[in-house]
Amino acid sequence: MTTTKTPVGIRAQGLTKRYGDKVAVDDLSFTAEPGVITGFLGPNGAGKSTTMRMLLGLVKPTRGTITIGGRHIAELDEPARTVGALLDARALHPRRTAFDHLLAMAQTAGLGRKRVGEVLDLVGLADAATRRAGEFSLGMHQRLGIAAALLGDPAVLVFDEPLNGLDPEGIRWARTLMRELATEGRTILFSSHLMSEMELTADNLVVVGRGRLVAESTLEDFVRANTTQAVTVSSPALDDLARALTRAGITFERTAVPSLLVTGAEPGMVGKIAAAEGIPLDELTRVRESLEDIFLRLTHDVIEYESHAA
Ligand code: ADP
């Protein structure tokens, strides 16, 4: 896989899917660009799978569109060579061998037998080619699903929770593979409900909660825009310090420790104020919200809004 792919992106516009009263995807617009890994992030039930199924033409949108290179999947000349997907890794015939499973898919898509061996190699399943899929662990299912997605050597790859069930070595492998695929110019859209997984893998983020867009940005900007900086400071003269900070117009809260949780000032500034007043410090630490916390807070806000609005 050394070829550079013709750039083909994904674009959702006003995408909406209702199941009866339930809105699974709600007016969702986003893009996934070629050459980067776009992480599709949201809690379980946020609408990620439904969005991916609409992309693949498996579910019909109630409203809006989701396109690949500007076209609906049904309008693509060679869909298998344009887009590959891993949706439900367990959705395969348990008695078929890995090789036969892929061969059946390859034949349906008009692809050669040779490619089956290549993708099995690529995902590290060459030795398990003649084993029945029913005997596979979830991790092996994931690898087989990724192999199936790669069959047509497509420009766009869609992976729904690809890291589920993989052991740490498998997770590292999948990350490296996604990075290579993106470097070749492919568009990678992969979903996860785990921020910790995204943090190490994605370049860009599309964050959803209750079917709605919560944020769309680079991972870096997402962190910068949403992280609240704070400083923990403690002192044997905490009251003096509190008064000094108040005089300097700096906001803080008292914690149970006891210490002060200062927002809106860098540690250096807090240290200077303390030094100027001759106040000794026991601790001066920058606290940063973890990505997991940011994610939970943002998606929680959407859920809260939803339950209040209902
Ligand atoms: P995610 O992939 O983010 O976990 P899903 O897209 O699977 O979320 O689901 C979004 C919401 O739509 C959930 O509340 C789910 O129960 C609902 N949903 C998904 N598919 C169907 C369906 N076929 N019929 C009814 N409700 C569905």
Side-chain angles (χ1 to χ4, degrees), residues 10-32 37-68 72-74 83-92 138 141-142 145-146 148-149 156-166 171 174 178 187-199 201-202 204-217 219 222 291-310:
I10 296 170
R11 184 181 182 87
Q13 284 178 294
L15 193 65
T16 302
K17 180 65 192 179
R18 285 181 170 275
Y19 289 106
D21 287 348
K22 168 97 206 163
V23 187
V25 175
D26 191 358
D27 196 23
L28 188 62
S29 299
F30 69 88
T31 57
I37 301 176
T38 301
F40 194 22
L41 179 68
N44 284 326
K48 304 181 297 297
S49 298
T50 306
T51 300
M52 289 176 159
R53 287 178 186 278
M54 289 193 277
L55 171 73
L56 297 165
L58 303 172
V59 166
K60 196 174 174 318
T62 308
R63 246 195 342 270
T65 54
I66 183 158
T67 53
I68 302 164
H72 184 270
I73 191 163
V83 56
L86 163 73
L87 288 185
D88 182 356
R90 287 198 182 272
L92 42 83
L138 180 55
H141 274 118
Q142 296 287 41
I146 292 171
V156 175
L157 284 152
V158 177
F159 297 130
D160 197 2
E161 302 274 357
L163 307 180
N164 266 3
L166 290 177
I171 289 177
M178 283 196 265
T187 297
I188 315 290
L189 179 67
F190 94 101
S191 75
S192 175
H193 62 288
L194 297 173
M195 185 72 220
S196 50
E197 285 182 350
M198 286 292 168
E199 198 177 341
T201 315
N204 290 345
L205 286 183
V206 174
V207 186
V208 286
R210 293 281 174 120
R212 294 190 207 149
L213 187 72
V214 173
E216 181 181 18
S217 71
L219 178 73
F222 178 75
L291 285 184
E292 198 79 49
D293 291 338
I294 301 172
F295 167 60
L296 288 173
R297 177 163 52 76
L298 289 179
T299 52
H300 183 258
D301 287 349
V302 172
I303 291 163
E304 282 291 285
Y305 171 78
E306 183 75 17
S307 58
H308 290 170

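Whatever order the structure lists them in is the order used to number ligands and atoms, beginning at 1.
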Original post:
Would you say the side-chain atoms of Ser192 and Glu197 include a donor-acceptor pair closer than 3.5 Å?
Top reply: yes
**OP:** Report the C-alpha distance between Thr65 and Leu15 in whole Å, list the side-chain angles of each, state the deciding distance to 0.1 Å, and finish with yes or no for side-chain contact (heavy atoms from CB on, under 4.5 Å).
**Re:** CA-CA 5 Å; Thr65 54; Leu15 193 65; 5.8 Å; no
Original post:
Does the protein put any heavy atom within less than 4.0 Å of atom 20 (N) of ligand 1?
Top reply: yes
**OP:** Carefully, step by step, assess Thr187 and Leu157 under the rule side-chain contact (heavy atoms from CB on, under 4.5 Å).
**Re:** CA-CA 6 Å; Thr187 297; Leu157 284 152; over 6 Å; no
**OP:** For atom 7 (O) of ligand 1, find the nearest protein heavy atom and state the residue, atom name and distance (0.1 Å precision).
**Re:** Ser49 CB, 3.7 Å
**OP:** Please verify whether a non-hydrogen atom of Pro43 lies at under 4.0 Å from ligand 1.
**Re:** yes
Original post:
Taking Glu216 for the side chain and Val207 for the main chain, is one N or O donor matched with an acceptor at less than 3.5 Å?
Top reply: no
**OP:** Examine Thr50 against ligand 1 and note whether any of their N/O atoms are separated by less than 3.5 Å.
**Re:** yes
Original post:
For atom 25 (C) of ligand 1, what's the nearest protein heavy atom and its distance?
Top reply: Tyr19 CG, 3.4 Å
**OP:** Could you list the atoms of ligand 1 found under 4.0 angstrom from a heavy atom of Asn44?
**Re:** 4 (O)
Subject >> Smallest separation among heavy atoms of Met198 and Phe190, with atom names >> reply: CE-O, 3.5 Å
Subject >> Exercise: identify the closest heavy-atom pair between Val206 and Thr31 >> reply: CG2-O, 4.3 Å
**OP:** May I ask you to check whether Asp160 and Ser49 show a side-chain donor-acceptor distance below 3.5 Å?
**Re:** yes
**OP:** Using non-hydrogen atoms of the residue, decide whether Gly42 is closer than 4.0 angstrom to ligand 1.
**Re:** no
Original post:
Counting heavy atoms only, which part of Lys22 comes closer than 4.0 Å to ligand 1: side chain, backbone, both or neither?
Top reply: side chain
Original post:
What atoms of ligand 1 come closer than 4.0 angstrom to any heavy atom of Ala46?
Top reply: 1 (P), 3 (O), 8 (O)
Original post:
Do any non-hydrogen protein atoms sit less than 4.0 Å from atom 15 (C) of ligand 1?
Top reply: no
Original post:
So, is Thr51 polar-close to ligand 1, with some N/O to N/O distance under 3.5 Å?
Top reply: no
Subject >> Residue, atom name and distance, where the atom is the protein heavy atom closest to atom 8 (O) of ligand 1 >> reply: Gly47 N, 3.1 Å
Original post:
How far apart are the closest heavy atoms of Val214 and Val208, and which atoms are they?
Top reply: CG2-C, 3.8 Å
**OP:** Give the minimum heavy-atom separation between Lys17 and Lys60, together with the two atoms involved.
**Re:** NZ-O, 2.8 Å
Original post:
Do any nitrogen or oxygen atoms of Ala24 come within less than 3.5 Å of a nitrogen or oxygen of ligand 1?
Top reply: no
**OP:** Examine Asp160 against ligand 1 and note whether any of their N/O atoms are separated by less than 3.5 Å.
**Re:** no
Original post:
For atom 13 (C) of ligand 1, what is the nearest protein heavy atom, given as residue, atom name and distance?
Top reply: Gly45 O, 3.8 Å
Original post:
What heavy-atom pair brings Leu87 and Arg53 nearest, and what distance separates the two atoms?
Top reply: CD1-NH1, 3.8 Å
